[in-house]
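Quick notes on the structure that follows.
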Number of protein chains: 2
Amino acid sequence: MHLDKVDKALLARLQEDASLSLADLAESVNLTTTPCWKRLKRLEESGVLRKRVALLDPAILGLSFTAFVHIKTSDHSEDWYQRFVDAVTPFDEVMECYRMAGEYDYMMKVQVADMPAFDLFYKKLVNSIDGLTNVTSTFAMEPLKYTTALPLV
Amino acid sequence: MHLDKVDKALLARLQEDASLSLADLAESVNLTTTPCWKRLKRLEESGVLRKRVALLDPAILGLSFTAFVHIKTSDHSEDWYQRFVDAVTPFDEVMECYRMAGEYDYMMKVQVADMPAFDLFYKKLVNSIDGLTNVTSTFAMEPLKYTTALPLV
DNA sequence: GATGAAACATCAAGATC
DNA sequence: GATCTTGATGTTTCATC
């Protein structure tokens with residue numbers, strides 16, 4: 001899968017605004033619509049261009065409370081791992097979750113309305129999975145940056 | 001700004017797939033195209049529907065190294081804060097950044113190719129801003145979940 | 001909520017480099 | 001020989017009714 005400069009320019013453009021028309025997109029990379037369209041098809045088929053989504057405003061929706069939950073477990077078996085993944089990923093409040101190197105085994109970013117809503121989530125979480133030896137939460141006071149656009153060199 | 005069930009259903013749908021045609025979108029909420037289109041306009045104008053973006057595959061692009069950088073500062077002035085924001089947000093590698101409550105003052109999520117690339121970023125970062133008393137990085141070994149879709153009750 | 005004009009995406013056939 | 005342009009066709013958006 002090789003990406004030339006034009007491919008990267010297209011991806012960069014679409015990462016910022018996926019509502020651009022084919023004609024506008026083509027013009028911005030000095031192409032006409034057909035070759036531009038073929039490149040897009042190729043990028044979609046290869047999987048680089050994964051999906052197009054709408055980004056909503058968390059503040060307007062009353063969902064601007066962001067928490068990070070750090071988790072330690074005593075059970076490092078493959079079986080527990082699978083149960084953990086199955087328990088955690090269905091929660092809509094969990095926006096991101098990673099298995100980590102270092103002191104904590106897992107970290108997740110949680111998006112909710114406010115502290116009471118977080119507390120509710122927290123209880124649901126710890127009741128849905130055992131073997132958690134340490135669960136520590138930290139809270140965002142202010143978001144300074146949030147982007148979905150990957151750094152394309 | 002009031003959102004009824006149909007508005008929320010539309011937003012939920014678009015959070016998952018913004019490439020849906022108006023006709024498909026309308027059908028999925030049992031509407032014809034005209035009222036659906038009017039709702040979308042209203043949602044766009046109100047700012048809830050902020051933008052539509054393409055999500056790319058980090059692995060295919062060779063950008064699957066995720067680090068979290070935790071920062072403490074000794075300077076809590078408004079002036080330093082502004083310089084920090086101006087220094088950090090332009091970095092394309094910084095996907096998210098938050099001012100935090102708790103032990104560390106700031107946390108950012110950094111997306112790069114690999115550890116050497118992270119090291120390069122790290123040097124750029126610490127050289128671009130002074131007053132950092134403690135900078136600690138933790139690394140993701142495996143992503144378990146990543147979504148941009150807010151939990152719409 | 002229906003309708004239709006205008007804008008748009010899609011794809012074939014052939015030109016260009 | 002891959003990459004482009006033109007143009008024809010079906011689909012989608014969106015303002016008027």
Side-chain angles (χ1 to χ4, degrees), chain A residues 1-61 147-153, chain B residues 1-63 92 113 146-150 152-153:
Chain A
M1 182 59 200
H2 178 255
L3 299 173
D4 66 12
K5 291 215 161 188
V6 177
D7 290 325
K8 287 196 177 168
L10 286 174
L11 292 175
R13 225 64 190 77
L14 287 173
Q15 280 199 119
E16 297 298 338
D17 186 359
S19 70
L20 285 167
S21 79
L22 184 57
D24 285 350
L25 200 57
E27 192 188 348
S28 77
V29 296
N30 292 314
L31 242 54
T32 52
T33 56
T34 305
C36 183
W37 181 78
K38 283 187 177 164
R39 279 170 187 268
L40 291 185
K41 284 297 137 204
R42 192 172 136 265
L43 291 168
E44 272 164 27
E45 271 153 33
S46 74
V48 199
L49 191 41
R50 212 156 58 76
K51 63 196 296 207
R52 292 140 200 265
V53 300
L55 298 184
L56 311 184
D57 187 317
I60 298 182
L61 290 163
T147 183
T148 55
L150 294 170
L152 294 180
V153 190
Chain B
M1 182 59 201
H2 179 253
L3 300 173
D4 66 11
K5 290 215 162 189
V6 178
D7 289 326
K8 286 194 178 170
L10 284 174
L11 291 175
R13 225 64 191 77
L14 286 173
Q15 279 199 119
E16 296 299 337
D17 186 358
S19 70
L20 285 167
S21 79
L22 182 60
D24 286 350
L25 200 56
E27 193 189 348
S28 77
V29 296
N30 292 314
L31 243 53
T32 53
T33 55
T34 306
C36 184
W37 181 77
K38 283 183 179 165
R39 278 170 186 269
L40 290 184
K41 282 298 135 201
R42 188 170 141 269
L43 292 169
E44 272 165 27
E45 271 153 32
S46 75
V48 200
L49 191 42
R50 211 155 59 75
K51 62 196 297 206
R52 291 141 200 266
V53 300
L55 299 184
L56 311 184
D57 187 318
I60 298 182
L61 289 163
L63 287 170
D92 289 343
Y146 175 80
T147 182
T148 57
L150 294 169
L152 294 181
V153 191

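From a predicted model like this one, the values you see are computed outputs, not experimental measurements. Residue numbering restarts at 1 for every chain, and letters A, B, ... go by the order of the sequence lines.
- Rounded to an integer number of Å, the gap from L25(B) CG to dT12(D) P is 13 Å.
- When the nearest nucleotides of DNA chain C are assigned to T33(A) and K38(A) by heavy-atom distance, the more 5′-ward of the two goes with T33(A).
- Between K51(A) and D17(B) no salt bridge is recorded (no basic side-chain N to carboxylate O distance below 4.0 Å).
- Between E27(B) and L20(B) the shortest side-chain heavy-atom distance does not fall below 4.5 Å.
- Among the heavy atoms of the strands lying under 4.0 Å from L31(A) are primed sugar atoms or P, OP1, OP2 only; no base atom is included.
- The side-chain heavy atoms of L3(A) and L11(A), taken from C-beta on, include a pair separated by under 4.5 Å.
- With distances taken from any side-chain atom of L22(B) to the nucleotides dT13(D), dT10(C), dC14(D), the minimum falls on dT13(D).
- Here dT13(D) presents its P atom at 16 Å from CG of L20(A), a figure rounded to the nearest Å.
- Distances from the side chain of P35(A) to the nucleotides dT5(D), dC11(C), dA9(C) place dT5(D) closest.
- Contact check on E45(A) versus R42(A) returns no salt bridge, with no Lys/Arg side-chain nitrogen under 4.0 Å from an Asp/Glu carboxylate oxygen.
- In this structure, T32(B) reaches the sugar-phosphate backbone alone: every heavy-atom distance under 4.0 Å involves primed, P, OP1 or OP2 atoms, never a base.
- Residue R52(A) contributes atom CZ, which lies 12 Å from atom C1' of dA9(C) at whole-angstrom precision.
- Taking atom NZ of K41(B) as the reference point, atom C1' of dT12(D) lies 13 Å away to the nearest angstrom.
- In this structure, CZ of R39(A) is placed 7 Å from P of dT3(D), rounded to the nearest angstrom.
- What separates CG of D24(B) from C1' of dT12(D) is a distance of 11 Å, to the nearest Å.
- Rounded to whole angstrom, the span from the CD atom of E27(A) across to the C1' atom of dA9(C) amounts to 17 Å.
- For W37(A) and dA9(C), the shortest distance from a side-chain N or O to OP1 or OP2 is not below 4.0 Å.
- Surrounding CZ of R13(B) are at most 12 heavy atoms belonging to other residues, nucleotides or ligands under 6.0 Å away.
- When rounded to the nearest whole Å, the span between CD of E45(B) and C1' of dC14(D) equals 13 Å.
- You'll find that the side chain of T34(B) is closest to dT3(C), out of dT3(C), dA12(C), dA9(C).
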